[in-house]
S.K.: 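What follows is a structure written as structure tokens; I'll ask about it next.
Order of the sequence lines sets the chain letters (A, B, ...), proteins ahead of strands, with each chain counted from 1.
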Number of protein chains: 2
Amino acid sequence: MTETRVPVPTLERLAIYLRVLLDAHESGIQTLSSQEIEQYSGISAAQFRKDLSYFGEFGKPGVGYSVEALIERIERILRLDAEQPILLVGAGNIGSALVGYPNFQAHRLRIAAVFDNNFVKIGRPFGDLIIEDIARVREVNAQIGARLGIIAVPAHAAQEVADALVEAGVTGILNFAPTILRVPPHVHVRNVSFLQELAVLSYHAVEDALRVNGQARRGGKDGV
Amino acid sequence: MTETRVPVPTLERLAIYLRVLLDAHESGIQTLSSQEIEQYSGISAAQFRKDLSYFGEFGKPGVGYSVEALIERIERILRLDAEQPILLVGAGNIGSALVGYPNFQAHRLRIAAVFDNNFVKIGRPFGDLIIEDIARVREVNAQIGARLGIIAVPAHAAQEVADALVEAGVTGILNFAPTILRVPPHVHVRNVSFLQELAVLSYHAVEDALRVNGQARRGGKDGV
DNA sequence: GCGCAATTGTGAACGCCTTCACAAACACGC
DNA sequence: GCGTGTTTGTGAAGGCGTTCACAATTGCGC
Ligand SMILES: NC(=O)c1ccc[n+]([C@@H]2O[C@H](COP(=O)([O-])OP(=O)(O)OC[C@H]3O[C@@H](n4cnc5c(N)ncnc54)[C@H](O)[C@@H]3O)[C@@H](O)[C@H]2O)c1
Ligand SMILES: NC(=O)c1ccc[n+]([C@@H]2O[C@H](COP(=O)([O-])OP(=O)(O)OC[C@H]3O[C@@H](n4cnc5c(N)ncnc54)[C@H](O)[C@@H]3O)[C@@H](O)[C@H]2O)c1
């Protein structure tokens, strides 16, 4: 374990393993082999073991992995071992879905404050919270100390909101707006784009349909 | 252009290019070089050209790409040149956000029907639609002929819904539930997981914070 | 205590995507 | 028409993550 840079795909998979492990824990399962993890997660056993190897040894040969201990370990790696406060900006459709989402809790993620710039909305309750003025984001986060922020505002407002979040001390942004955000190098951004996902599916769904309809005329290989 | 298999990352980027091009078109821009696309999209010019090269030649050396023509071309590639009907299952929080989302239209994606299994909800209006019984999904899609489906139901119901969608002729599924779906090989699934995204951000956000706090003891390279 | 079966951890091979770099193509001005 | 400057398209190189394969480790039954 020589602390090489951890591939992002590995981190993404860690979150999946964690979900599987939490489910297993719920079911009273105490030990899981990489083979079984493959069953539940759809990720190959070899990949699982390789992923974990970035962070040290953990399983027992001939036995597998202690579910409970592995949960703790992954939570520590992902910094989900202590509660992570999150700032949400945009009290609209997406924002609504997020504040009411109970699964955050299981990962110790908590939306700690909601902001908007619509004076009609500011001051109103939103889930358990009161919508605050985005102009006060810095001030409010001085109390909270959140490092994570979610942008759920229209695209044209996303960049200024991002700037405000960075100003307020946020170093990780989950962006729902369809725009490229410009942020300082120490800030990480991940974009969520349903349209992009659907576009990829659209390509595949119809491509396959064409093939099925007896149009496999191109004598090529017929992979997946 | 020898019809090699197109990398999935290329398809994902095509959707990004499309958005940039639509914006440019809106602004009256007629021509764009790969260099300029890099500016707007954050994706390198070389990558852009390579991506397009999977589908044939298109730009003019010394000039760039015709915005309008390229939009048409990418739309055709992604099968967004004709309207794509979509089946939405789950008239809850996520479902609500989706039915009201206006941007789908710009990509010719249209939610053509909404399903639920809650008798209280079935028959009620939902956006422009009436919520239908999930039991009738096959029957309804015989009319619509949708190839794309969105799953926005609780995790424990996701698999049965997926089965029903596949039965109804869907070959591409966008899944919001935190579960691995088992589907036949001709069906494509893409998962959307906010928790996973936040977990990755959590790792980075705090890792960087540790480094900034003078703990850059590991003399490694300080990339992004 | 010892052999057998199961399972881990990881170097190495592999494959795929990205990046590089440059010849070919085009516009434009003279 | 021809030289100059720009930009494309794409083979080749490079980098990075995944898959493979196996030695090492542990539990368990006898
Ligand atoms: N609704 C969807 O299904 C969906 C899907 C994919 C992406 N998105 C994207 O997510 C974002 C939010 O979508 P939505 O449907 O929740 O939009 P929405 O219009 O319902 O909500 C946006 C909220 O942001 C607030 N806002 C606007 N400018 C602001 C600013 N400068 N500072 C703070 N708050 C501001 C508005 O007052 C509003 O409450 C959009 O960028 C949208 O493109 C939405
Ligand atoms: N709300 C969020 O912010 C959020 C975030 C990430 C993921 N998700 C996931 O998205 C999914 C939907 O979330 P939500 O907040 O919209 O949930 P929700 O409870 O608001 O809505 C779920 C809907 O699905 C319906 N349903 C249940 N079983 C069904 C079945 N067998 N067939 C048809 N319909 C059925 C319910 O009646 C309900 O209307 C969940 O899996 C959730 O984990 C939600």
S.K.: For B:Gln35, enumerate each residue passing the side chain to side chain contact (heavy atoms under 4.5 Å, CB included) test, keeping only those at least two apart in sequence or located in another chain.
M.R.: B:Ser33, B:Glu38, B:Ala45
S.K.: Atom CZ of A:Phe58 to atom C1' of C:dT7: distance rounded to whole Å?
M.R.: 15 Å
S.K.: Under 4.0 Å between a side-chain nitrogen and a carboxylate oxygen: does that hold for A:Arg190 and B:Glu197?
M.R.: yes
S.K.: Not counting sequence neighbours, which residues clear side chain to side chain contact (heavy atoms under 4.5 Å, CB included) with B:Pro7? List them please.
M.R.: B:Pro9, B:Thr10, B:Tyr54
S.K.: Among residues at least two apart in sequence or on other chains, which ones pass side chain to side chain contact (heavy atoms under 4.5 Å, CB included) with A:Gln196?
M.R.: A:Ser193, B:Glu12, B:Ala15, B:Ile16
S.K.: List in chain and number order the residues that pass ring pair (Phe, Tyr, Trp, His ring centres under 6.0 Å) with A:Phe58, two or more places apart in sequence or in another chain; answer none if no residue qualifies.
M.R.: none
S.K.: I'd like a table of donor-acceptor pairs (distance under 3.5 Å, sequence neighbours excluded) in which one partner is a side-chain atom from residues 153-170 of chain B, with atom names and distances.
M.R.:
| residue | atom | partner | partner atom | Å |
| --- | --- | --- | --- | --- |
| B:Gln159 | OE1 | B:Arg182 | N | 2.9 |
| B:Gln159 | NE2 | B:Asp163 | OD1 | 2.9 |
| B:Gln159 | NE2 | B:Arg182 | O | 3.0 |
| B:Glu167 | OE1 | B:Arg138 | NH1 | 2.8 |

S.K.: Could you state the CG-P distance from B:Leu11 to C:dC17, rounded to the nearest angstrom?
M.R.: 10 Å
S.K.: Rounded to the nearest Å, what distance is computed from the CD atom of residue B:Glu38 to the P atom of nucleotide D:dT6?
M.R.: 17 Å
S.K.: Mind checking what makes side chain to side chain contact (heavy atoms under 4.5 Å, CB included) contact with B:Ala152, not counting sequence neighbours?
M.R.: B:Leu88, B:Ile94
S.K.: If you compare every side-chain N and O of A:Arg13 against the phosphate oxygens of D:dG17 (OP1, OP2), does one of them come in below 4.0 Å?
M.R.: no
S.K.: I'd like to check the ring pair (Phe, Tyr, Trp, His ring centres under 6.0 Å) partners of A:Tyr17; sequence neighbours left out, ordered by chain and number.
M.R.: A:Phe48
S.K.: When you measure from every atom of DNA chain C, which of residues 41-52 of chain A have a heavy atom less than 4.0 Å away?
M.R.: A:Arg49, A:Lys50
S.K.: Determine, for nucleotides 25-30 of chain D in 5'-to-3' order, which nucleotides have protein heavy atoms under 4.0 Å from the base (write B), from only the sugar-phosphate (write S), or from neither (write -).
M.R.: BBS---
S.K.: In the structure I gave you, are the side-chain heavy atoms of A:Leu174 and A:Ile151 within less than 4.5 Å of one another anywhere?
M.R.: no
S.K.: Under the salt bridge (charged side-chain N to carboxylate O under 4.0 Å, His left out) test, which residues partner A:Glu36, sequence neighbours left out?
M.R.: none
S.K.: Does A:Tyr65 put a side-chain nitrogen or oxygen below 4.0 Å from OP1 or OP2 of C:dG9?
M.R.: yes
S.K.: Tell me which residues in residues 14-37 of chain A put a heavy atom below 4.0 Å from DNA chain D, sorted by number, or none.
M.R.: none
S.K.: Does A:Tyr40 have any ring pair (Phe, Tyr, Trp, His ring centres under 6.0 Å) partners at least two apart in sequence or in another chain, and if so, which?
M.R.: none
